[in-house]
Amino acid sequence: MTGQAKAGRPNQLLRNLNSKIASIPMILTALVIFLGGTAWTVFYSFTNSKLLPRLSFVGFDQYKRLWAAPRWIVSIENLAVYGVLSLIFSLVIGFVLAALMDQKIRFENTFRTIFLYPFALSFIVTGLVWQWVLNPEFGVQSVIRSLGWSSFTFDPLYTPSIVIYGILIAALWQGTGLVMCLMLAGLRGIDEDIWKAARVDGIPMWKTYLFIVIPMMRPVFITTLVIIASGIVKVYDLVVAQTSGGPGIASEVPAKYVYDYMFQAQNLGQGFAASTMMLITVAIIIVPWAYLEFGGRKRA
């Protein structure tokens, strides 16, 4: 009887065979293009490749040169400042806007479209628009001075010490709308009975958000955090469109450093080393997220 049951049971490998066959191209793409390309980049980062890849191993020399380069140090410092402030302001502004939108205001669809519209623009367009807005000759500074405040100065893109903040303004203008929509979706998923119970118990609105709603939106916050962080690591278009890394090297970022060394300086080895460091940064972001999302679910 047991043998007949085993004979009648379908082989696990043959279950959902059509779906498995259909997934083969995706699996091959992931293995060959993503994993293969990553391994290829890391491998050649230990070589002295210039215009073309070549098997001339130099050990960790490329990484030593990388961390000894002032331009790379500046790009890392800029990325740290830009990243921390972008995370904080994107989450705070996005959540506040979502909380206001969740009050069933009039013309909600109109406001939601207005806030989300900048995200539909490319980073190049956003960068050029804010380059004009922050231009001291005909931007915000010029407008304010024309109103009578002749001593007003606001030219972040032309001041090395604060140029990264000018880029941050453009990034927040473009990305905050997406964060707002993600947060709004999370808020709309909160059971209405929870809000009613909080009102009955006399809990202030800010305490309801801080101690009840936000903890319940943990998956939304984690997902939003990963989306923002991945965009921070690869920021490139905004910098090129607004400042091209200037003044001097004041607004350099790692992605621009990689591009310049690989395609302009014709130093593939140095570009690969910088790319590998960016890969490590992405892994530092993705691994904790995967653990929190999937590891926590398995324990539950």
Side-chain angles (χ1 to χ4, degrees), residues 74-75 77-184 187 205-206 209 224 227-228 231-232 235-253 255-256:
V74 169
S75 70
E77 291 174 350
N78 285 336
L79 188 67
V81 173
Y82 174 87
V84 171
L85 295 180
S86 182
L87 280 174
I88 294 174
F89 284 110
S90 293
L91 289 174
V92 172
I93 297 174
F95 184 80
V96 170
L97 289 176
L100 294 175
M101 296 284 287
D102 195 42
Q103 305 304 311
K104 306 299 187 297
I105 62 175
R106 296 181 62 183
F107 308 112
E108 177 187 330
N109 292 335
T110 302
F111 284 113
R112 191 165 60 231
T113 302
I114 292 172
F115 287 130
L116 189 59
Y117 174 75
F119 188 73
L121 302 176
S122 70
F123 285 107
I124 293 294
V125 173
T126 299
L128 291 175
V129 168
W130 279 94
Q131 184 190 55
W132 299 332
V133 172
L134 298 177
N135 190 302
E137 298 297 326
F138 46 82
V140 174
Q141 177 176 298
S142 177
V143 172
I144 298 299
R145 286 187 176 183
S146 67
L147 297 176
W149 286 277
S150 58
S151 61
F152 178 81
T153 301
F154 186 67
D155 55 349
L157 299 185
Y158 298 86
T159 307
S161 60
I162 60 172
V163 63
I164 195 65
Y165 302 106
I167 297 172
L168 176 65
I169 292 172
L172 291 175
W173 178 78
Q174 182 170 36
T176 304
L178 175 65
V179 177
M180 180 205 70
C181 288
L182 294 172
M183 294 296 175
L184 184 59
L187 288 172
M205 182 67 73
W206 68 271
Y209 277 110
T224 305
I227 292 173
I228 298 172
I232 290 170
V235 61
Y236 171 80
D237 315 60
L238 278 176
V239 176
V240 172
Q242 287 187 274
T243 65
S244 294
I249 59 171
S251 60
E252 284 287 337
V253 289
K256 187 176 182 299

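Values below: all heavy atoms of this structure, side chains included; hydrogens, waters and symmetry mates excluded.
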Q) Taking Asn78 for the side chain and Glu252 for the main chain, is one N or O donor matched with an acceptor at less than 3.5 Å? A)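 Yes, because the side chain of Asn78 sits within donor-acceptor range (under 3.5 Å) of the backbone of Glu252.
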Q) Within the side chain of Ser142, is there an N or O that forms a donor-acceptor pair under 3.5 Å with the backbone of Pro136? A) no
**Q.** Residues in side-chain hydrogen bond (donor to acceptor under 3.5 Å, both in side chains) contact with Tyr117, at least two apart in sequence or another chain
**A.** none
Q: With sequence neighbours excluded, tell me which residues meet side-chain hydrogen bond (donor to acceptor under 3.5 Å, both in side chains) with Ser146.
A: none
Shortest non-hydrogen separation from [X] to [Y] and the atoms involved:
{"X": "Gly166", "Y": "Gln242", "result": "O-NE2, 3.7 Å"}
{"X": "Ala241", "Y": "Gly127", "result": "CB-CA, 3.8 Å"}
{"X": "Thr224", "Y": "Val179", "result": "CG2-CG1, 3.8 Å"}
{"X": "Ile232", "Y": "Leu79", "result": "O-CD1, 3.2 Å"}
{"X": "Arg145", "Y": "Phe152", "result": "NE-O, 2.6 Å"}
{"X": "Thr159", "Y": "Pro247", "result": "N-CG, 4.4 Å"}

Q. Less than 4.5 Å apart, any side-chain heavy atom of Leu182 and any of Ile227?
A.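 Yes - at least one pair of side-chain heavy atoms lies under 4.5 Å apart.
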Q. Do Tyr82 and Leu238 touch side chain to side chain, with heavy atoms closer than 4.5 Å?
A.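 Yes; the side chains approach each other to less than 4.5 Å.
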Q: Sorted by first residue and then second, give each salt bridge (Lys or Arg N to Asp or Glu O under 4.0 Å) pair with at least one member in residues 147-172; sequence neighbours left out.
A: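 Every pair satisfying salt bridge (Lys or Arg N to Asp or Glu O under 4.0 Å) with a residue in residues 147-172: there are none.
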Q: Enumerate the residue pairs fulfilling salt bridge (Lys or Arg N to Asp or Glu O under 4.0 Å) with a member in residues 110-121, sequence neighbours excluded, ordered by first and then second residue.
A: Glu108-Arg112
(Q) Taking OH in Tyr158 as the centre, count heavy atoms belonging to other residues, nucleotides or ligands within less than 6.0 Å. Is the count above 12? (A) yes
(Q) Looking at Phe123, I want to see if its CZ is surrounded by more than 12 non-hydrogen atoms of other residues, nucleotides or ligands under 6.0 Å. (A) no
Let me confirm one number: the [atom1]-[atom2] distance from [X] to [Y], rounded to the nearest 0.5 Å.
{"X": "Ile169", "Y": "Leu157", "atom1": "CD1", "atom2": "CG", "answer": "8.0 Å"}
{"X": "Thr243", "Y": "Ile249", "atom1": "OG1", "atom2": "CD1", "answer": "12.0 Å"}
{"X": "Ser75", "Y": "Glu77", "atom1": "OG", "atom2": "CD", "answer": "8.5 Å"}
{"X": "Met180", "Y": "Leu116", "atom1": "CE", "atom2": "CG", "answer": "6.5 Å"}
{"X": "Trp149", "Y": "Gln141", "atom1": "CH2", "atom2": "CD", "answer": "14.5 Å"}

Q.
Using the rule given for side-chain contact (heavy atoms from CB on, under 4.5 Å), can you reason through Ile164 versus Leu168, listing the C-alpha separation, both sets of side-chain angles and the distance that settles it, and then say yes or no?
A. CA-CA 6 Å; Ile164 195 65; Leu168 176 65; 5.9 Å; no
(Q) Once side-chain hydrogen bond (donor to acceptor under 3.5 Å, both in side chains) is applied, what residue pairs with a partner in residues 165-183 remain, sequence neighbours excluded? (A)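 Non-adjacent pairs meeting side-chain hydrogen bond (donor to acceptor under 3.5 Å, both in side chains): Thr126-Gln174.
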With a 3.5 Å cut-off and sequence neighbours excluded, list the donor-acceptor pairs that the side chains of residues 87-103 form with protein atoms.
residue: Ser90; atom: OG; partner: Ser86; partner atom: O; Å: 2.7
residue: Asp102; atom: OD1; partner: Arg188; partner atom: NE; Å: 2.7
residue: Gln103; atom: NE2; partner: Ala99; partner atom: O; Å: 2.8
residue: Gln103; atom: NE2; partner: Tyr209; partner atom: OH; Å: 3.2

